[in-house]
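Working notes, beginning with the structure itself.
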Amino acid sequence: MSELRAHLRLRRGAWQLELEFALDGHTALVGPNGSGKTTVLDLLTGLAAPDQGAVWVAGDCVLDTARRLALPPARRRLGYVFQDAALFGHLSVAQNVGYGPAVGHGAAAQVDELLGQFELTELAARRPLELSAGERQRVAVARALAAEPRWLLLDEPFAALDVAARPLLRARLLATLEVRGVPALLVTHDAEEAFGLGGEVLVLEAGRLVEQGPAERLAASPSSAFGAALAQSNHYRGQVVASPAPGQAVVQVASLRWTVPTPAAVGVPLALVVPPAEVLLATAPPATSARNQVVGVVAAVQCTAAGCRVTVQGAVRITALVTPAALQELGLAVGSPAVALFKVSAVKIC
Amino acid sequence: MTGRRLVVTGSLAVLAGCARPELPAPAAVAPVTLQVFAAASLREVVPALSAAYSQAEPGVTLLANYAGSQDLVAQVQAGASADVFLSANRDHPQKLADAGLVAPPVVFALNQVAIAATPRNQRVRSYRDLLQPGTRLVICAEEVPAGKYAGQWLAKLPSAEAATLRERVVSAEASVDGVLHKVRLGEADAGLAYRTDVRRGGLRDVPLPPGTAISASYAASTVTAAPHAAEAAAFLTWLRGPAAGQVLRDAGFELPAP
Amino acid sequence: MSDRLFGCALRLLAGCYAGLVALPLLALLLHATPATLAAALRSPVVWQAVGLSLLTATAATLLVVAGALPLAWLLTRQVTRWRGLLTTLLELPAALPPAVAGLGLLLAFGRYQLLGPWLTRCGLPPVALTPAAVVLAQMLVAGPLFLRAARAALEAVPPRVLQASAVLGAGEATTFRRIVLPLARPGLLGGALVTWARALGELGATLLFAGNLPGWTQTMPSAIFVTWQVDRTAAVSLSVLLLLLSAGALLLARRCAGEVL
């Protein structure tokens with residue numbers, strides 16, 4: 001995979017952006033609104049110019065203010081998927097996807113293939129106005145890939161989609177990127193979405209990178225802003241091992257097997273989120289309709305006005321949010337054996 | 001012009017009525033404003049006539065409305081409030097008189113068709129120069145009295161020369177003012193207008209070939225529906241008298257035989 | 001009750017205004033019979049005026065588009081402090097009395113004025129009192145209508161769409177041709193048609209700068225202006241013809257705008 005390296009400095013009144021990074025695979029750029037995430041993408045692609053900085057794509061210098069070098073966006077060979085898709089309203093879906101090849105970037109022959117990969121073949125003759133938000137975003141991604149970019153930059157591409165549709169598109173996107181060998185830089189304000197991408201995470205706050213590293217490592221560190229954001233919920237990574245019913249998959253997480261609501265096929269890697277409020281506690285494995293459980297001992301109890309957060313350590317760690325009364329009735333304390341349970345529908349795929 | 005300014009001042013005084021200090025008492029006769037519809041080529045002489053008349057008749061002010069005679073005819077036909085109609089020809093008021101809208105017209109002044117050459121270049125010094133290739137000549141459209149006179153003048157020329165002159169025409173303007181404007185700026189080398197216009201300055205008078213003089217008559221009539229019929233009639237009588245005659249002659253007009 | 005009163009007042013005022021606008025048009029149409037129209041069209045003077053008007057208005061519109069479209073695009077993209085002032089200046093001729101525009105043209109292009117002597121030295125014939133002057137007068141007076149329409153149409157193209165084209169590998173020229181022009185097309189066409197209609201009706205500046213000579217510089221409006229007292233039938237026929245042409249152009253312009261909605 002090619003490397004994307006940059007150092008950038010930009011001042012806009014009181015607001016300042018200053019960062020430096022070197023990426024060599026899927027990366028999520030996370031940060032709150034206004035932290036400058038979109039600006040970073042604009043600077044990398046050449047849609048905006050930094051006061052000072054340089055950008056290398058796969059070893060090519062596309063920007064170096066010190067040498068007064070700044071390739072125009074058209075010559076940087078970076079794909080950019082905007083938050084609002086920004087499709088060409090006067091062109092059909094096929095013409096949108098074929099735009100890059102039509103202006104000399106990418107092979108026209110792969111347009112049909114991309115239309116197929118993003119399930120757009122039947123929509124090929126439609127105009128963007130006739131599409132749903134999800135379909136538009138699929139066109140935008142396919143259009144960006146058709147120009148054969150060296151990197152694909154995505155600005156909150158799933159924000160306009162309903163929550164249920166996001167994992168599917170992401171899985172499809174990751175699979176396609178894998179095949180084409182194109183690394184992605186995904187901008188999001190959602191820590192879970194960043195976690196779901198599975199690569200490195202850059203955390204941007206007020207124009208500065210405050211953290212950088214593999215998602216797992218940051219997530220494990222409670223002092224990390226990214227970790228703190230994730231700590232609100234339970235996160236797991238696993239792989240589909242069986243598909244017992246349409247819309248359901250059995251996922252292997254550590255030594256456990258959980259049933260989750262997704263049409264993903266066997267072998268697909270998944271990132272799962274289980275909200276603590278959806279987790280029930282018991283003292284022993286009960287007879288219950290809940291398909292998923294973690295058997296272990298209570299590792300921590302932390303009570304606040306919002307309730308008590310009880311962490312159970314088994315094959316994995318899981319945190320449940322329960323009322324102080326429930327905690328008392330169960331007689332749970334640090335060290336006592338406990339079972340955490342949650343329903344299939346409680347699992348979110350990110 | 002003087003007339004208009006007087007009226008404006010008067011209405012301002014009325015507007016300022018409340019705060020108005022005592023004014024000298026008006027003359028015994030209530031002041032009268034005569035609406036004079038005058039041909040555009042009288043624009044320069046009517047203010048002079050107005051000034052002279054205000055000495056003869058202090059109670060009467062002239063308020064002039066200038067336009068091409070053909071436009072004035074249309075305005076009178078449409079029932080515009082007018083007392084006196086001064087036309088650049090006889091035909092127009094005669095047409096109105098036939099319809100009973102004005103009294104039979106009386107010729108009060110004569111003018112001559114003249115060639116006005118631009119001061120911007122010396123291209124046209126004589127009538128012959130008009131015939132040179134490349135000379136730019138402007139006339140009035142045949143719908144305008146001055147255009148009719150121009151046609152009559154061309155008819156008096158040898159037909160080959162008239163044809164050449166027609167080829168030299170670069171514009172047939174909708175009024176004499178348009179002709180003068182273009183000649184003054186030098187866009188045209190020469191134009192056909194009235195002697196009085198050429199005298200007004202800024203233009204060079206090029207003599208017409210002998211025997212081709214065209215005389216234009218200015219005719220005056222009182223409007224049948226005039227708001228001030230008596231004063232209008234009195235003004236017309238004065239207009240044909242010696243005082244008005246002097247003003248007209250000073251402006252370059254000739255007077256009809258008595 | 002007060003709502004009812006409001007409704008009545010609304011309809012009354014609207015009706016009065018609509019009547020005021022419609023009545024003169026109706027009067028013109030009532031005045032012209034098909035027979036007189038046909039007769040007028042056979043008259044060479046009318047025919048020449050119609051031909052010249054169509055030719056000059058079309059030429060003026062094309063020339064305006066050629067110059068004002070790039071200008072509008074530059075104004076849309078360049079964010080300068082002077083943009084507001086510049087735009088006002090460029091749109092001013094549409095607000096001026098046409099006679100002022102004509103006078104300005106005379107003083108700029110006249111044989112002995114600003115540019116004239118220089119043009120003469122280059123061996124060019126005088127501009128004033130020629131068909132070229134008709135076109136220039138129409139351009140000056142009608143051009144701002146196109147400029148305004150073009151700016152609105154170009155500004156409506158979302159910046160992100162232009163950027164998408166750039167990132168996909170298209171240069172500025174390609175983006176303009178493949179994205180900007182097609183997206184702005186309805187607005188540009190509508191603007192051009194309105195401009196054409198205005199150019200067709202131009203009179204004041206034309207009379208001053210181009211003069212009036214049948215078959216040379218006499219447009220439909222000049223012909224109407226000069227002939228109306230003498231030959232009212234011809235004038236009315238010409239007016240009706242002008243009315244129909246302008247109405248056609250404006251209707252087409254509306255259809256173009258409708259495509260955007």
Side-chain angles (χ1 to χ4, degrees), chain B residues 67-78 87 89 91-92 95-96 118-123 133-148 150-151 165-191 202, chain C residues 27 45 48-49 52 99 102-117 119-120 123-134 136-137 203-219 221-232 234-235 238:
Chain B
S69 300
Q70 74 282 5
D71 289 326
L72 295 172
V73 168
Q75 288 173 17
V76 171
Q77 281 170 338
S87 174
N89 61 4
D91 302 350
H92 284 330
K95 198 164 77 182
L96 290 176
T118 183
R120 298 273 185 168
N121 64 36
Q122 298 294 316
R123 205 182 170 105
T135 300
R136 288 157 69 89
L137 179 66
V138 286
I139 59 173
C140 270
E142 57 191 31
E143 288 83 359
V144 187
K148 277 214 184 71
L165 282 188
R166 285 196 189 278
E167 281 172 26
R168 302 286 176 260
V169 172
V170 289
S171 181
E173 296 288 320
S175 73
V176 179
D177 285 345
V179 171
L180 297 172
H181 186 227
K182 266 131 203 166
V183 174
R184 259 194 215 106
L185 281 174
E187 298 312 331
D189 300 311
Chain C
V45 172
Q48 281 172 340
L52 190 83
L103 197 59
L105 282 168
L106 266 177
L107 294 180
F109 294 97
R111 262 209 294 184
Y112 298 99
Q113 316 296 333
L114 270 183
L115 277 183
L119 291 174
T120 312
L124 291 166
V127 181
L129 309 180
T130 64
V134 178
L136 275 175
L203 170 65
T206 307
L207 276 184
L208 249 93
F209 184 45
N212 168 63
L213 194 65
W216 177 241
T217 54
Q218 188 177 66
T219 61
S222 330
I224 294 167
F225 180 73
V226 174
T227 60
W228 78 272
Q229 296 95 354
V230 183
D231 187 355
R232 195 167 296 179
L238 264 175

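Naming: A, B, ... by sequence-line order, numbering from 1 per chain. Since we're looking at a predicted model, the values are computed, not measured.
A distance of 8.5 Å separates CD in B:Q70 from CD in B:E143, rounded to the nearest 0.5 Å. Atom-to-atom distance recorded for C:L124:CG and C:L115:CG is 11.0 Å, nearest 0.5 angstrom. Here the straight-line distance linking atom CZ of C:F225 with atom CG of C:N212 works out to 9.0 Å at 0.5 Å rounding. Atom CG of B:L72 sits about 9.0 Å away from atom NE2 of B:H92, to the nearest 0.5 Å.
For chain C, the nearby part of B:V138 is the side chain; its heavy atoms alone come within less than 4.5 Å. With a 4.5 Å cut-off on non-hydrogen atoms, B:D189 touches chain C through its backbone and its side chain both. Looking at C:Q113, the atoms closer than 4.5 Å to chain B (heavy atoms on both sides) all sit in the side chain, from C-beta outward.
Looking only at heavy-atom pairs under 4.5 Å with chain B, the residue among C:T130, C:L208, C:V127 that has the most is C:L208. Residue with the most contacts toward chain B among C:L106, C:T217, C:L107: C:L106 (heavy-atom pairs, distance under 4.5 Å). Heavy-atom pairs under 4.5 Å with chain C were tallied for B:V144, B:N121, B:V73; the largest tally goes to B:N121.
Without hydrogens or angle criteria, C:R111 side chain to B:G186 main chain gives a donor-acceptor distance under 3.5 Å.
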